[in-house]
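Just below is one structure, and these are the notes that go with it.
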Protein chains: 8
Amino acid sequence: MPGLRDDLRALLAGVQRGEVEPARALDQLAQLPFRDLGFARVDIHRELRQGAAEAVLAEGKTPQQVVEIVRALLEGGAGSALVTRADADARRAVRDLADDAQEHELARLVWVARAVPEPRGVVVMLSAGTADGPVLHEARVRAELLGTEVVVHEDVGVAGLHRIASGLSDLARADCVVVVAGMDAALASVVGGLVPAPVIGVPTSVGYGVADGGRTALNAMLASCAPALAVVGIDDGFGAGTLAARIARGRE
Amino acid sequence: MPGLRDDLRALLAGVQRGEVEPARALDQLAQLPFRDLGFARVDIHRELRQGAAEAVLAEGKTPQQVVEIVRALLEGGAGSALVTRADADARRAVRDLADDAQEHELARLVWVARAVPEPRGVVVMLSAGTADGPVLHEARVRAELLGTEVVVHEDVGVAGLHRIASGLSDLARADCVVVVAGMDAALASVVGGLVPAPVIGVPTSVGYGVADGGRTALNAMLASCAPALAVVGIDDGFGAGTLAARIARGRE
Amino acid sequence: MPGLRDDLRALLAGVQRGEVEPARALDQLAQLPFRDLGFARVDIHRELRQGAAEAVLAEGKTPQQVVEIVRALLEGGAGSALVTRADADARRAVRDLADDAQEHELARLVWVARAVPEPRGVVVMLSAGTADGPVLHEARVRAELLGTEVVVHEDVGVAGLHRIASGLSDLARADCVVVVAGMDAALASVVGGLVPAPVIGVPTSVGYGVADGGRTALNAMLASCAPALAVVGIDDGFGAGTLAARIARGRE
Amino acid sequence: MPGLRDDLRALLAGVQRGEVEPARALDQLAQLPFRDLGFARVDIHRELRQGAAEAVLAEGKTPQQVVEIVRALLEGGAGSALVTRADADARRAVRDLADDAQEHELARLVWVARAVPEPRGVVVMLSAGTADGPVLHEARVRAELLGTEVVVHEDVGVAGLHRIASGLSDLARADCVVVVAGMDAALASVVGGLVPAPVIGVPTSVGYGVADGGRTALNAMLASCAPALAVVGIDDGFGAGTLAARIARGRE
Amino acid sequence: MPGLRDDLRALLAGVQRGEVEPARALDQLAQLPFRDLGFARVDIHRELRQGAAEAVLAEGKTPQQVVEIVRALLEGGAGSALVTRADADARRAVRDLADDAQEHELARLVWVARAVPEPRGVVVMLSAGTADGPVLHEARVRAELLGTEVVVHEDVGVAGLHRIASGLSDLARADCVVVVAGMDAALASVVGGLVPAPVIGVPTSVGYGVADGGRTALNAMLASCAPALAVVGIDDGFGAGTLAARIARGRE
Amino acid sequence: MPGLRDDLRALLAGVQRGEVEPARALDQLAQLPFRDLGFARVDIHRELRQGAAEAVLAEGKTPQQVVEIVRALLEGGAGSALVTRADADARRAVRDLADDAQEHELARLVWVARAVPEPRGVVVMLSAGTADGPVLHEARVRAELLGTEVVVHEDVGVAGLHRIASGLSDLARADCVVVVAGMDAALASVVGGLVPAPVIGVPTSVGYGVADGGRTALNAMLASCAPALAVVGIDDGFGAGTLAARIARGRE
Amino acid sequence: MPGLRDDLRALLAGVQRGEVEPARALDQLAQLPFRDLGFARVDIHRELRQGAAEAVLAEGKTPQQVVEIVRALLEGGAGSALVTRADADARRAVRDLADDAQEHELARLVWVARAVPEPRGVVVMLSAGTADGPVLHEARVRAELLGTEVVVHEDVGVAGLHRIASGLSDLARADCVVVVAGMDAALASVVGGLVPAPVIGVPTSVGYGVADGGRTALNAMLASCAPALAVVGIDDGFGAGTLAARIARGRE
Amino acid sequence: MPGLRDDLRALLAGVQRGEVEPARALDQLAQLPFRDLGFARVDIHRELRQGAAEAVLAEGKTPQQVVEIVRALLEGGAGSALVTRADADARRAVRDLADDAQEHELARLVWVARAVPEPRGVVVMLSAGTADGPVLHEARVRAELLGTEVVVHEDVGVAGLHRIASGLSDLARADCVVVVAGMDAALASVVGGLVPAPVIGVPTSVGYGVADGGRTALNAMLASCAPALAVVGIDDGFGAGTLAARIARGRE
């Protein structure tokens with residue numbers, strides 16, 4: 001298990017064995033688990049060396065900053081590095097860094113995948129409309145990098161309820177379902193009432209006027225009567241993909 | 001057609017025939033079309049004498065005020081008088097006034113129906129949950145008093161989509177459909193995608209937290225992709241019933 | 001009647017006649033009613049071949065995607081295809097596809113009309129100010145393509161109440177009235193109190209500050225005392241036009 | 001003119017004449033213009049002795065506190081003292097203090113009028129519905145105590161536009177018009193487009209759901225196209241009455 | 001008095017004298033008081049010929065539309081024509097139309113003044129900060145064109161309370177005070193507590209974050225304890241100038 | 001797998017075997033899967049007979065209605081029936097119905113557990129403060145009835161970060177973590193950064209002022225940087241418990 | 001210095017000296033710094049024994065729970081224990097526990113002060129109106145228990161700006177100023193512009209309508225131009241008192 | 001102590017000594033403390049000559065206006081002049097004015113420092129993420145110009161709680177801590193629970209969707225249980241720096 005506890009335990013053991021001075025232990029605790037790039041502190045935990053996926057939000061960073069963080073991650077042993085909300089400049093910069101970088105223009109993604117875990121579990125991802133696509137694919141790539149099989153059904157909104165039917169057999173074998181929808185987000189409620197798997201709703205900022213930048217979809221999903229539906233932030237495909245993969249893979 | 005235009009035309013004709021002085025015409029225009037009770041101005045138009053339904057919002061009025069307005073309406077020739085949001089006192093006061101008054105406790109309604117128009121058209125009214133019942137029945141009684149057949153299906157929310165199926169044959173013959181739903185109001189989108197008739201959504205204030213007093217249902221209905229769906233105010237069964245009856249009866 | 005029920009009935013009959021295997025029926029149910037373009041699923045129902053109008057929201061789609069959907073609709077037998085919120089590129093692309101395409105620059109519309117139903121019913125559409133024009137014309141074109149006569153009165157806001165008077169004789173013969181208004185949207189209440197026909201309010205995002213992107217107009221319309229007034233989403237001329245045509249044409 | 005400037009001028013003259021020490025002047029400036037009751041600081045300016053009206057908001061004060069402030073005002077020479085938002089206990093307590101106290105139960109007012117200025121100017125006050133009455137009467141009593149003639153027309157909402165006509169001759173002679181309205185507040189826009197006098201809108205918290213505690217009425221009034229309309233806070237009859245009287249009386 | 005009543009009275013008198021047929025009267029009522037430019041209906045009432053100021057909101061109109069409306073107003077006899085929210089193109093177009101057009105770039109105004117009423121009354125206008133200037137000058141030009149003397153004090157916010165002092169002697173002689181302020185708008189409360197004249201607050205959209213596009217200033221002004229303070233919409237200098245001039249000139 | 005698909009498949013097979021008429025199939029589809037109590041439609045699916053847990057929201061229902069639904073569920077074969085938001089009367093009514101009913105006063109729960117599935121998986125539930133207790137226990141009871149082991153740590157908010165440490169060893173073995181927190185909900189972010197399991201946040205309406213009925217907690221959870229955190233509605237312990245159990249038990 | 005760091009350092013030293021096993025250290029870290037009452041975890045840090053003040057929010061706890069926490073605190077060595085938002089029952093329960101308990105009914109406080117630190121620094125607390133009193137006194141008692149001199153000026157709102165003058169000499173010697181104000185909260189801006197000390201604004205939920213439960217005051221304070229003004233939550237006198245005392249006492 | 005009181009005292013003394021006429025004193029009071037640039041009133045108080053820092057908000061001002069204000073400040077004797085929210089043009093204009101001007105591009109700052117007070121006190125400033133940097137540095141420069149030592153730790157968000165640990169020894173010696181954080185702002189709560197110094201939270205507008213332009217961070221900080229945490233406006237690094245310096249320097 002990654003986190004504070006392991007670091008504490010190792011450190012305490014070191015102190016007991018006389019290998020670490022208490023005063024130093026405190027300093028180590030403070031400095032060990034990240035690498036300070038000046039403008040950012042990159043987590044390069046032990047588990048990174050074991051091949052876990054890491055991610056960088058490009059928004060609010062220069063392409064150069066993005067590249068430096070990606071390099072630090074890969075050098076630190078990350079199995080993959082995913083950059084989200086990356087504009088054309090940032091994506092090009094990462095591709096210049098790594099020949100094996102892959103890209104999804106619409107979803108503004110660029111990633112380097114060097115050691116993706118063996119897939120485990122199935123996630124089905126549905127979108128209500130074509131315009132929800134970028135968010136869905138952010139979720140998809142993230143989940144795949146974390147080692148999950150992802151099945152996608154796009155543009156299956158409830159205004160044409162019969163379109164959902166085509167996904168029923170996939171839904172039946174899902175370990176987790178992700179529903180990406182803006183506007184009224186009714187698709188989440190309908191799917192939530194049909195499937196036995198945990199459902200994650202991703203409200204999107206698609207639409208105008210009363211869509212309110214995704215607030216209406218968010219609130220509608222949260223107010224849904226479907227009992228095993230939880231929600232991530234507006235347009236947060238990354239979070240949904242992360243959570244879906246954790247659920248689908250089960251306890252590691 | 002009721003309204004200002006007919007009054008203007010009659011008045012102008014009277015002036016031309018020399019039967020009405022211009023100065024008087026102006027006064028008449030101001031005083032003719034209502035009866036001043038001091039605390040309220042009751043419309044007692046000509047068309048009332050022809051049997052139209054009239055309504056009183058009891059909220060913010062004393063039982064005595066409600067009774068006086070109902071009496072003025074009935075004396076003015078209203079075919080029926082419907083009191084909405086009437087508490088037990090107001091309902092009792094109206095029953096004391098009129099032996100033939102009818103009452104719906106849950107929906108806080110009391111009404112006197114003396115000359116209801118011959119029914120024309122069919123309105124199907126659906127509610128998503130049991131708690132939406134009072135608003136549905138306010139819409140139902142209003143539409144029936146305006147002369148429409150109303151068919152009711154309660155508790156058919158999308159979490160159990162199969163429940164809607166039971167209403168499909170009724171939906172197929174509707175001139176207008178009213179969907180009463182709180183929370184995520186997904187039922188309105190699903191029904192709006194299934195039926196060819198105009199659909200009126202009534203968001204309800206049912207639920208807590210993110211339901212936000214009906215705001216979430218309201219916004220979700222307005223953001224729905226179902227293209228022939230319009231919405232009335234939160235909990236406004238009265239407005240939905242009025243509009244549904246007008247649509248179902250067609251041009252008089 | 002379009003929708004799930006008809007498909008179900010046909011399918012069940014086929015199964016009974018031994019023409020359809022149950023396992024296949026399920027697959028057909030899932031695949032039949034739409035055509036999968038990859039990025040979108042286009043409804044090409046039977047009724048399309050009978051000449052119904054179809055519509056595409058261009059926002060969030062590339063011109064090429066729009067053109068592909070329009071082509072699929074026309075090839076599928078749609079009587080007309082209307083593209084809304086289409087920028088200059090999308091409009092040009094559709095005109096390149098079809099010589100008989102028509103365009104409304106201000107309202108960002110382009111459409112191809114090949115088999116518009118014989119007009120039935122009259123819809124009167126009013127706007128409060130010049131700036132509400134684009135939304136009004138989106139509603140107008142949609143309603144006309146669905147087979148309705150539309151009469152337009154623009155810039156008749158209540159600040160000059162006398163301007164409404166000029167529309168009274170048209171209002172008197174309307175089967176449905178559409179009021180397009182931003183800001184305080186008082187026009188909807190005034191018209192709603194004058195006419196006997198169903199009234200659909202379309203709040204617009206015109207104005208600044210307290211206009212709040214159309215929220216104030218939306219709420220004012222919903223809070224109106226006019227009893228047969230329902231509301232569609234902010235700037236949703238398309239929805240209003242669809243609903244108005246359904247109301248005006250009556251049960252098909 | 002009341003206010004800081006006069007106090008400063010008098011004090012500076014006293015210092016110049018050697019009658020006031022600078023150190024003392026500063027203290028006097030701090031202590032002169034009010035009377036400290038411990039829990040409240042009551043303004044007992046010179047102008048109070050000349051008969052101006054003063055007011056107390058009862059909400060959040062005990063009846064005893066209200067009575068002490070009223071007594072301080074009257075002893076300080078106020079021509080009248082008006083207590084707003086006074087419950088039955090507070091009203092009784094003031095009537096016990098002063099035999100000549102008057103009361104308006106519905107509007108939760110109690111007041112003592114001993115030297116009301118000779119009326120000057122005419123204010124017309126309109127309400128859209130019966131339920132707006134309490135706010136209208138708070139405005140009326142306040143304006144009358146400040147020395148203005150007030151003409152009242154209640155329940156003249158735009159759903160029945162013809163009702164407004166009855167008030168036209170009064171509106172024509174108003175120095176200021178006050179419109180009290182909740183819900184969509186369309187009355188303010190309509191009146192603002194008809195009359196040449198300044199118009200003050202008072203949004204009320206009447207109504208439920210989308211009325212949003214008066215927010216919708218407030219925003220609609222502020223977004224109105226009527227160009228000489230200003231607005232006070234929700235349910236703030238007191239503010240409207242004060243402002244209307246100042247406008248109607250003109251420069252003193 | 002301008003408005004519906006005068007038109008009605010003249011029309012009724014004409015009918016009585018046999019000069020007007022009732023059927024025609026109705027048509028005249030509908031058509032008389034405006035001139036239909038197709039995209040706009042321009043009020044060219046009798047009183048316009050008497051020299052009243054008229055105004056055009058340029059936002060949402062093409063420069064050519066603005067020019068046509070200005071021409072119609074001036075030809076209709078307007079004493080002046082003020083165009084607000086006019087960008088450089090619209091301003092140039094009006095200057096091309098009329099050699100005597102004047103302009104205020106910062107406030108995005110252009111106007112033609114041919115017959116401004118003799119000034120009557122004094123309006124003092126204060127702004128809290130430099131950035132509130134454009135809104136203040138929109139109010140100033142509007143009030144001057146309506147025939148009022150305007151005195152301006154800019155950048156007198158409460159953070160430096162001593163700056164207000166410089167305006168005290170002007171405030172003392174004002175018939176109306178206009179306070180233009182964004183952010184916390186505390187200046188309105190402070191001024192409202194100092195002066196005896198009616199005060200009009202104009203919240204501005206100046207500031208970022210919690211300023212919330214002027215909402216915070218608006219709410220703070222409405223919640224102010226200053227009792228004779230009313231508020232117009234955010235950034236609505238035009239409305240404030242109109243109202244201030246009406247108040248300062250008194251009954252005409 | 002429960003849901004529409006199984007019903008369809010069974011029905012289609014029956015039709016093919018000639019056992020079911022197509023016309024009847026449609027009726028059966030509509031009527032089969034629920035029991036109509038008049039005021040409610042109770043799902044009594046096949047899987048209920050296999051011992052699944054069912055739930056009733058008591059709010060908005062009379063005690064008698066609650067009892068009838070519980071009876072229908074138990075008679076229909078539900079393994080357990082949980083009533084949420086049940087006041088004292090509703091709880092007593094259910095205890096009168098079933099001797100083996102259990103109750104949690106603080107969390108307003110009453111339930112009958114007759115066939116709870118063998119526990120599988122571990123859910124750790126944390127609350128930030130004592131006042132979050134009722135929501136936490138609603139989640140706990142729900143998850144236990146669905147067949148999960150639940151470990152509870154209450155009052156471990158981040159203001160005393162060291163309190164969280166005591167739960168670390170439990171967190172390390174969780175299949176799913178539920179964080180119940182109001183106010184700033186920082187606990188969810190901190191826990192989300194520490195644990196490898198999926199985390200479900202339940203914002204609560206605890207607190208006053210800026211807590212805003214739970215909105216602040218909700219938004220803070222949604223905006224959290226912790227990447228595997230999803231959120232249910234405000235105070236929705238029921239939904240969190242359902243989802244947590246599904247995640248912890250994995251694919252059935 | 002209280003907090004995690006000291007605990008860590010002590011623990012590490014213990015481990016190094018061989019007095020503490022690493023495995024045990026981890027357990028101790030988790031269990032040491034609080035006392036688990038079952039429903040609450042009470043911090044009974046070392047520093048408590050040195051006389052620091054502790055506080056309990058009574059809202060959402062039973063009187064019995066409050067008493068148990070207070071007892072735990074006092075037994076743990078707290079110099080004082082302050083219970084906020086305590087209703088009459090909770091206050092009585094604490095008085096029953098401790099003879100030396102003190103109480104402030106209006107501010108809903110009860111406290112036991114056994115070892116208050118020697119006062120250091122001066123805090124001036126101002127309220128805008130009488131109704132802000134309870135929040136001001138919550139701040140006052142809290143700051144006094146933390147060892148600060150507090151000077152109070154109540155009811156000094158800006159509508160009567162001259163009232164503030166009386167507090168100028170106190171303001172001049174303040175180490176920190178607390179301004180408690182609802183409605184438009186203009187007092188905070190005015191004071192923030194006058195004094196050189198840090199200013200803490202406490203918005204209150206006093207007022208109705210646009211006051212919006214304190215939101216308007218909160219936003220106005222945050223938008224204030226006064227540059228050394230920070231704000232705590234609505235009605236959070238406790239937080240303001242804590243912070244003011246820390247500022248006024250300086251580094252300990 | 002700067003402010004109104006000193007001016008008053010000096011003036012009164014002058015009047016008493018016969019050196020100042022009362023009428024003149026009033027004029028002086030109004031004109032003395034600022035310099036009127038026409039578009040702005042620049043405070044050039046006595047204390048400026050003593051070297052205090054002054055600041056200019058460039059937003060909404062032309063580069064030329066900014067330069068004129070900076071020149072007036074420096075000529076008036078300001079020890080430093082800081083221009084915030086300055087775009088490239090404004091920064092260049094100030095550098096052209098003063099050779100010794102310094103600049104921070106990311107934070108959009110330009111400043112001239114000629115007489116910065118001897119540093120006193122220590123402020124620790126933390127940011128949750130890289131994107132919060134500009135706001136942090138605005139706070140840092142401001143505090144340094146006011147004469148304080150500032151220690152910076154960037155990118156120490158709670159998702160990696162161990163990163164905070166590195167700053168613990170700095171936090172232990174802080175006189176004031178500033179936490180700059182967007183999104184859920186959980187860092188403020190965690191730090192507020194760890195340190196004994198006053199904490200100032202600066203919510204930032206970093207993030208999308210539910211981050212809501214900084215509102216979520218603002219509300220979460222205000223709702224925090226950390227008892228000595230106060231908050232400034234969204235992105236208001238300037239205010240935080242000012243306040244932090246005042247707190248850290250203590251009473252001057």
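Just so it is clear, the structure is predicted and the values come from calculations on it, not from any experiment. These numbers come from the heavy atoms of this one structure, side chains and all, not from hydrogens, waters or symmetry mates. Naming: A, B, ... by sequence-line order, numbering from 1 per chain.
- A:Ala228 approaches F:Thr242 most closely through the heavy-atom pair CB-CG2, 4.0 Å.
- Contact of A:Ala197 with chain F is made through the backbone alone, with heavy-atom distances under 4.5 Å.
- Scanning all heavy atoms of the two residues, the minimum distance from A:Arg246 to F:Pro198 falls at CB-CG, 4.0 Å.
- When each of F:Gly121, F:Ala230, F:Ala223, F:Gly233 is checked for heavy-atom pairs under 4.5 Å with chain A, F:Ala230 comes out on top.
- When each of A:Leu218, A:Asn219, A:Ile200 is scored by its heavy-atom pairs under 4.5 Å with chain F, the top score falls to A:Asn219.
- With a 4.5 Å cut-off on non-hydrogen atoms, A:Ala174 touches chain F through its backbone but not through its side chain.
- Most heavy-atom pairs under 4.5 Å with chain F, from the set A:Ile234, A:Val232, A:Asp175: that is A:Asp175.
- Listed options A:Leu57, A:Val199, A:Asp236, A:Ile247 were ranked by heavy-atom pairs under 4.5 angstrom with chain F; first place goes to A:Ile247.
- Smallest separation of non-hydrogen atoms from A:Val231 and F:Leu222: O-CD2, 3.7 Å.
- Between F:Leu229 and A:Leu243, the shortest heavy-atom distance links the atoms C-CD2, 4.3 Å.
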